[in-house]
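Here's the structure, in structure tokens; my notes come after.
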Number of protein chains: 2
Amino acid sequence: MAVKGAKSSISQRRVLDAAARIFRDSGYAGTTMRAVADEAGLQAGSLYYHYKGKDELISAVLDSGVSQVATLVKDALAALPATATGRQRIETAIEAHIAAIIAVGDYTLATRRVFGQVPQAIRTRHMRLRDAYGAFWDQLFEDVRAAGEMRPDADLKLCRLFVLGALNWTAEWYKPGAASIHDIAGTFGTLVLDGLLQPAPQPASRGRARAPRGSDHALLSTAAR
Amino acid sequence: MAVKGAKSSISQRRVLDAAARIFRDSGYAGTTMRAVADEAGLQAGSLYYHYKGKDELISAVLDSGVSQVATLVKDALAALPATATGRQRIETAIEAHIAAIIAVGDYTLATRRVFGQVPQAIRTRHMRLRDAYGAFWDQLFEDVRAAGEMRPDADLKLCRLFVLGALNWTAEWYKPGAASIHDIAGTFGTLVLDGLLQPAPQPASRGRARAPRGSDHALLSTAAR
DNA sequence: GTGCTATTCTAACACACGTTAGCTAATGGC
DNA sequence: GCCATTAGCTAACGTGTGTTAGAATAGCAC
């Protein structure tokens with residue numbers, strides 16, 4: 001079995017980046033191998049030297065995207081001091097996630113837009129990576145709760161779905177030059193951690209307890225899945 | 001100019017619903033007129049009696065989806081009493097939005113997955129409807145703030161993007177039989193309004209003010225767009 | 001039942017796509 | 001420089017797609 005040369009990995013990377021861009025804009029079926037090849041500076045037949053076919057190509061785009069994001073977020077959290085508070089950890093994760101999905105924007109957008117169209121087997125395989133990353137966030141939330149910093153009544157699986165859904169949507173609307181990633185992350189961090197509403201006034205007669213509300217009851221529900 | 005009969009609107013609706021389902025799963029380019037026709041119980045050539053072409057069909061799916069959602073949410077809010085608090089209004093909007101995107105789930109999912117692939121002119125046209133709906137939410141938030149119920153430092157445009165991004169993501173993962181829409185909406189409402197963290201203890205020496213934090217600074221940033 | 005219009009079917013057109021096998025060009029080790 | 005291997009090109013194959021024009025069928029009013 002011959003060893004592929006350095007040029008091969010350079011071209012392969014070029015093809016993969018080109019594929020991410022074309023898949024991002026054209027979707028799965030709308031992405032032609034000729035367009036990817038053209039974007040990469042090759043002819044369509046040449047792609048088959050690097051990837052067995054279109055499905056292997058999209059699979060590589062999907063997996064590369066989520067892997068890169070997961071690595072960047074995990075690295076950011078690992079760089080925190082051991083004394084970091086739950087607030088700091090969640091804020092860091094939020095900012096790192098936003099920065100990551102924007103840094104690998106073509107991959108992120110390709111994934112979001114194409115995922116539902118790829119053959120089932122590819123989707124199933126890719127789901128493992130996504131679920132692993134989601135579990136990382138679940139664990140982050142659980143750790144913050146175990147440290148007593150989180151309201152005890154939140155359904156963490158639902159909250160994680162909400163937060164990641166929102167963060168991932170950032171990739172669709174973010175434009176360099178408007179709000180910075182840091183500012184966006186700050187806004188979102190505060191929203192997630194402290195909410196939108198003005199803390200309610202604390203009448204002395206009622207102590208620190210808030211009046212029960214219907215929405216509080218919902219927080220006792222079971223996990224979504 | 002002949003008047004189309006009742007059968008035409010029945011068939012047209014059938015075609016539109018079928019198209020939403022196929023676009024949802026196959027994306028823009030992957031959706032063939034033959035597949036849509038088959039799903040609708042017609043032959044592909046017949047679709048051109050009802051819609052001038054594929055682009056008009058996808059355009060109708062996109063517009064129908066967001067219109068239905070907007071109507072359902074606006075109706076839910078309009079049904080609230082004039083004395084409803086900001087909390088109640090936001091909670092209602094969240095629940096109505098989730099219920100709506102799930103009720104027209106094929107359209108919602110088709111839109112999310114296909115939007116980035118359609119010809120630019122269609123995207124531009126459709127953006128008007130989406131922006132109008134987003135503006136409705138902006139106004140909701142502004143009203144709550146004007147009533148003094150919202151923290152004054154939140155960037156409302158960013159927060160709206162966050163919230164709608166998260167809510168729309170619900171359409172992708174929601175499964176009937178797990179958490180109910182009401183429970184999900186409750187969890188998300190509390191998260192959005194009150195945040196995830198345990199309210200910080202109130203040391204008597206510090207009164208009610210919280211210590212300044214980096215994330216609070218971010219809330220003073222300008223609008224994303 | 002008849003006649004007109006609405007609605008659908010059908011076959012075909014012009015074009016496009018993923019992939020393959022064989023050829024060609026480039027690269028690197030000796 | 002030579003040779004073997006790597007990397008890319010090319011033409012073609014088998015199949016598929018949006019659309020159209022005209023034929024056929026269905027629906028409806030009288």
Side-chain angles (χ1 to χ4, degrees), chain A residues 1-62 110 114 117-122, chain B residues 1-62 110 114 117-122:
Chain A
M1 182 62 69
V3 175
K4 291 194 174 182
K7 184 174 185 188
S8 173
S9 62
I10 293 171
S11 294
Q12 188 171 24
R13 186 75 214 186
R14 215 168 72 232
V15 169
L16 194 63
D17 289 345
R21 287 195 291 278
I22 304 294
F23 278 121
R24 179 199 71 197
D25 291 337
S26 305
Y28 177 67
T31 290
T32 68
M33 299 302 268
R34 290 169 175 84
V36 174
D38 191 56
E39 181 81 10
L42 299 177
Q43 301 297 316
S46 308
L47 300 189
Y48 296 85
Y49 179 79
H50 297 283
Y51 295 94
K52 282 208 203 51
K54 187 172 179 177
D55 283 355
E56 191 177 291
L57 187 55
I58 187 57
S59 207
V61 168
L62 295 181
V114 160
Q117 298 154 44
V118 299
Q120 181 66 52
I122 294 179
Chain B
M1 180 66 65
V3 175
K4 290 193 175 182
K7 184 173 188 189
S8 173
S9 62
I10 294 171
S11 294
Q12 188 172 24
R13 186 76 215 186
R14 214 167 73 229
V15 170
L16 194 63
D17 289 345
R21 287 193 292 277
I22 304 294
F23 278 119
R24 179 199 71 199
D25 291 338
S26 306
Y28 177 66
T31 290
T32 67
M33 300 302 270
R34 288 171 178 82
V36 174
D38 191 56
E39 181 81 12
L42 299 177
Q43 302 296 319
S46 308
L47 299 188
Y48 296 84
Y49 178 78
H50 299 282
Y51 295 94
K52 282 208 203 53
K54 189 172 179 180
D55 282 355
E56 189 177 292
L57 186 55
I58 187 58
S59 206
V61 169
L62 294 182
V114 160
Q117 298 155 42
V118 298
Q120 180 66 53
I122 295 178

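A note on names: the letters A, B, ... follow the listed sequences, proteins ahead of strands, and every chain is numbered from 1.
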Whole-Å distance between D/dT19 P and B/Gln43 CD? 17 Å
Would you kindly give the OH-to-P distance between B/Tyr51 and C/dT8, to the nearest whole Å? 12 Å
Under the side-chain hydrogen bond (donor to acceptor under 3.5 Å, both in side chains) test, residues paired with B/Glu39 that sit two or more places apart: B/Arg21
Would you kindly give the OH-to-C1' distance between B/Tyr49 and D/dA23, to the nearest whole Å? 16 Å
Rounded interatomic separation in angstrom, taking NE2 from B/His50 and C1' from C/dT8: 8 Å
Output all residues satisfying salt bridge (charged side-chain N to carboxylate O under 4.0 Å, His left out) with B/Arg34, sequence neighbours left out; order by chain, then residue number. none
Indicate yes or no for a side-chain donor-acceptor contact from A/Ser59 to the backbone of A/Ile122 under 3.5 Å, with no hydrogens or angles considered. no
Mind checking what makes side chain to side chain contact (heavy atoms under 4.5 Å, CB included) contact with A/Glu56, not counting sequence neighbours? A/Tyr51, A/Lys52
When the distance from CG of B/Leu47 to P of D/dT20 is rounded to whole Å, what number comes out? 12 Å
Provide, to the nearest angstrom, the distance between the CG atom belonging to A/Leu42 and the P atom belonging to D/dA7. 12 Å
Integer-rounded Å distance: C/dT8 C1' and B/Asp38 CG: 15 Å
side-chain N/O B/Ser46 vs C/dT7 OP1/OP2, d < 4.0 Å: no
Any N/O pairs under 3.5 Å between the protein and nucleotides 16-19 of chain C? List them or say none.
from: C/dG18; atom 1: OP1; to: A/Thr31; atom 2: O; distance (Å): 2.9
from: C/dG18; atom 1: OP1; to: A/Lys54; atom 2: NZ; distance (Å): 3.0
from: C/dG18; atom 1: OP2; to: A/Met33; atom 2: N; distance (Å): 2.9
from: C/dG18; atom 1: N7; to: A/Arg34; atom 2: NH1; distance (Å): 2.9
from: C/dG18; atom 1: O6; to: A/Arg34; atom 2: NH2; distance (Å): 3.1
from: C/dT19; atom 1: OP2; to: A/Tyr48; atom 2: OH; distance (Å): 2.9
from: C/dT19; atom 1: OP2; to: A/Lys54; atom 2: N; distance (Å): 3.0

According to salt bridge (charged side-chain N to carboxylate O under 4.0 Å, His left out), who are the partners of B/Arg14, at least two apart in sequence or on a separate chain? none
Partners of A/Ala19 by side chain to side chain contact (heavy atoms under 4.5 Å, CB included), sequence neighbours excluded? A/Phe23, A/Val36, A/Leu57, A/Val61
Report yes if a side-chain nitrogen or oxygen of B/Ser11 is closer than 4.0 Å to either non-bridging phosphate oxygen (OP1 or OP2) of C/dT7; otherwise report no. no
